[in-house]
Novice: 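Sharing a structure here in structure tokens format.
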Amino acid sequence: MVVKAIVLLGGLALIGFILWWFFGKHQVSSGHSVVSDQQQTGSIIVDGGYNPAVLTLKQGIPAKIVFHRKDPSSCLEKVVLPDFGIIQELPQNKDVTIPIDTQKAGVYNYACGMDMFHGKIIIK
């Protein structure tokens, strides 16, 4: 009887954790690009997700985003920016620079290759 109660409580705790992980509100990091010589650069660290998860770029100024993947997970070895038609490999422990067209303002989503980790690029 005690074992059944422990298994039941453990299962409920696991279900609660899974619901929180996938559907709970999590704090989202945000950052801005650095503008220099009519060019802007934003940096995103890929380590258990994207940091910052929300990157703001200035409209009309050519932009590059530098992704640096630290995480060995196969899920994060690609980044997909569907609105820009980009699917880019992210080798571990290397910088990968991706040019971004900033002519049109808006919010553009990106994700890992398995669509489990997400981020946003805001152009304004």
Novice: Name the atoms and distances for all side-chain donor-acceptor pairs under 3.5 Å in residues 79-98, with sequence neighbours left out.
Specialist:
residue	atom	partner	partner atom	Å
Q92	NE2	K70	O	3.0
D95	OD1	H68	ND1	2.7

Novice: Under the side chain to side chain contact (heavy atoms under 4.5 Å, CB included) test, which residues partner S36, sequence neighbours left out?
Specialist: none
Novice: Run the side chain to side chain contact (heavy atoms under 4.5 Å, CB included) test against D71 and tell me which residues pass, sequence neighbours left out.
Specialist: D47, S73, L76
Novice: Write out all pairs satisfying side-chain hydrogen bond (donor to acceptor under 3.5 Å, both in side chains) with one or both partners inside residues 100-124, taking only residues at least two apart or from two chains.
Specialist: D115-H118
Novice: Just jot down the side chain to side chain contact (heavy atoms under 4.5 Å, CB included) partners of S33, sequence neighbours excluded, or say none.
Specialist: V35, Q40, L57
Novice: Are I61 and I44 connected into the same hydrophobic cluster when the rule is that any two of I, L, V, M, F, W, Y join if their side-chain heavy atoms are below 4.5 Å apart?
Specialist: no
Novice: Under 4.5 Å side-chain heavy-atom separation, chaining through any Ile, Leu, Val, Met, Phe, Trp or Tyr, what else clusters with L8? Say none if it is isolated.
Specialist: L12
Novice: Show the nearest heavy-atom pair for residues S30 and P52, with the distance to one decimal.
Specialist: C-CB, 3.5 Å
Novice: Transitively linked via ILVMFWY side-chain contacts under 4.5 Å: Y50 with V66?
Specialist: no
Novice: Considering only heavy atoms from C-beta outward, does the side chain of L55 approach that of I122 to under 4.5 Å?
Specialist: no
